[in-house]
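One structure is given here, and the rest of the page talks about it.
The chains referred to below are lettered A, B, ... by the order of the sequence lines, with proteins before strands, and numbering in each begins at 1. In what follows, every heavy atom counts, from backbone to side chain, and hydrogens, waters and symmetry copies are set aside. Just so we're clear, the structure is a prediction, and the values are computed from it rather than from any experiment.
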There are 2 protein chains.
Amino acid sequence: MKQAKLNRCRCPLANAIAALGNKWKPVIIIVIKNRSLRFGEIAARIRVISRKVLTDQLKEMVADGLLTRQEFKELPTRVEYRLTEKGIALLPIFSLLEEWETKFVTEGNMQMSISPGK
Amino acid sequence: MKQAKLNRCRCPLANAIAALGNKWKPVIIIVIKNRSLRFGEIAARIRVISRKVLTDQLKEMVADGLLTRQEFKELPTRVEYRLTEKGIALLPIFSLLEEWETKFVTEGNMQMSISPGK
DNA sequence: AATACTGGTTACTTTATAGTAACGGTTATT
DNA sequence: AATAACCGTTACTATAAAGTAACCAGTATT
């Protein structure tokens, strides 16, 4: 989907998906919520993400204006990430998506069969 | 993101993104809307998608319960696709995403500068 | 001098997604 | 018999996203 970043089309939805439709960004967004979280705290809350992928995604999200990164001159280093207004605006949308997914669980595509009888 | 389809996690958002977060599915969904469209009509409305990718996506979406496929025994062949209840439930969510994208356009990351100059 | 902490980076491999171009099957029309 | 319409499939290639494992830099403590 990097391609879509270059040749942006006139379709806003495609552009939104190009920016958000990858494996981790939405998860990172709902994990951070309305507070600031340190790098290590994000990593701890999404244990299965690799360090490299996490930093890659965070960098892109900062570049896209979804996150701010604040580095404190302390020791050991402390870096805090926080959603921007733009990022926060996604929270209710992702909530709806979660509700949608929860409502329409796709367990191997089970059909609501109408007749429960023999 | 096929992987996420196999090892589904407990995070509904990640599962939703695994099912929807690719280049074309959301576009296909908002193109079909509340009506039924023939294969050729979908292709005509998304001219830049390749035939192969379109059929791949449609098949997956039928398998995921987002679409129904109805084949008419006519000539030449007529096949109509229609969103299921599950697919239709995404329309308002994608509308919000479109609004979000439109509101926060990321033209090379321009900053709203506060002072409009002297 | 070695170890530990945090927040990364680097080089490399693996896997998934998208794309291209040609072909196939059915039936009607010319 | 060839052509056209529609809805695909097939084999192959290209590109992008994700993952692994080792390494680095600054500072403090032991």
With sequence neighbours excluded, what pairs up with E85(A) under the salt bridge (Lys or Arg N to Asp or Glu O under 4.0 Å) test?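 In terms of salt bridge (Lys or Arg N to Asp or Glu O under 4.0 Å), with neighbours along the sequence ignored, E85(A) is linked to no residue.
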
Name all residues meeting the salt bridge (Lys or Arg N to Asp or Glu O under 4.0 Å) criterion together with E98(A); count only those two or more places apart in sequence or in a different chain, and write none if there are none.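 Result, salt bridge (Lys or Arg N to Asp or Glu O under 4.0 Å) vs E98(A): none returned.
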
Roughly how many Å is it from [atom1] in [X] to [atom2] in [N], rounded to a whole number?
{"X": "L54(B)", "N": "dC7(D)", "atom1": "CG", "atom2": "P", "answer": "11 Å"}
{"X": "D56(B)", "N": "dT20(C)", "atom1": "CG", "atom2": "C1'", "answer": "13 Å"}
{"X": "R47(A)", "N": "dG19(D)", "atom1": "CZ", "atom2": "P", "answer": "15 Å"}
{"X": "N22(B)", "N": "dA18(D)", "atom1": "CG", "atom2": "P", "answer": "12 Å"}
{"X": "E60(A)", "N": "dA18(D)", "atom1": "CD", "atom2": "C1'", "answer": "12 Å"}
{"X": "I49(B)", "N": "dG8(D)", "atom1": "CD1", "atom2": "C1'", "answer": "14 Å"}

Say whether L54(B) and V48(B) are linked into one hydrophobic cluster, either directly or through other cluster members, by side-chain heavy-atom distances under 4.5 angstrom. yes

ILVMFWY cluster, V27(A) and L91(A) together (side-chain gap under 4.5 Å):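 Linked within one cluster.
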
Secondary structure string for DNA chain D (Watson-Crick or G-U under 3.5 angstrom, | for other-strand pairs): ||||||||||||||||||||||||||||||

Closest to the W24(B) side chain, choosing from dA18(C), dG8(D), dA18(D): dA18(C)

Please determine if a side-chain N or O atom of K59(B) lies less than 4.0 Å away from the OP1 or OP2 oxygen of dG8(D). no

Using a cut-off of strictly less than 4.0 Å, decide whether K23(B) has a side-chain nitrogen or oxygen near OP1 or OP2 of dA16(D). no

Any donor and acceptor pair, going by atom type alone, linking the side chain of [X] with main-chain N or O of [Y] inside 3.5 Å?
{"X": "N15(A)", "Y": "A18(A)", "result": "no"}
{"X": "T55(A)", "Y": "R51(A)", "result": "yes"}
{"X": "D56(B)", "Y": "K59(B)", "result": "no"}
{"X": "E99(A)", "Y": "L96(A)", "result": "no"}

Near DNA chain D, counting only heavy atoms under 4.0 Å, which residues of residues 29-42 of chain B show up? R38(B), F39(B), G40(B)

Which residues in residues 70-80 of chain A have at least one heavy atom lying under 4.0 Å from any atom of DNA chain C?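 Only P76(A), T77(A), R78(A), V79(A) qualify.
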
Between R51(B) and Q57(B), which has a closest nucleotide on DNA chain C that is more 5'?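 Result: Q57(B).
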
Using the side chain to side chain contact (heavy atoms under 4.5 Å, CB included) criterion, which residues pair with T84(A)? Sequence neighbours excluded. T68(A), K86(A)

On DNA chain D, check which nucleotide each of T55(B) and K52(B) is closest to and give me the residue with the more 5' one.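 Its nucleotide being nearer the 5' end, the pick is T55(B).
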
Residues E71(B), R78(B): salt bridge by 4.0 Å N-O rule: no

For V31(B) and L37(B), work out which heavy atoms get closest and say how close. O-CD1, 3.8 Å

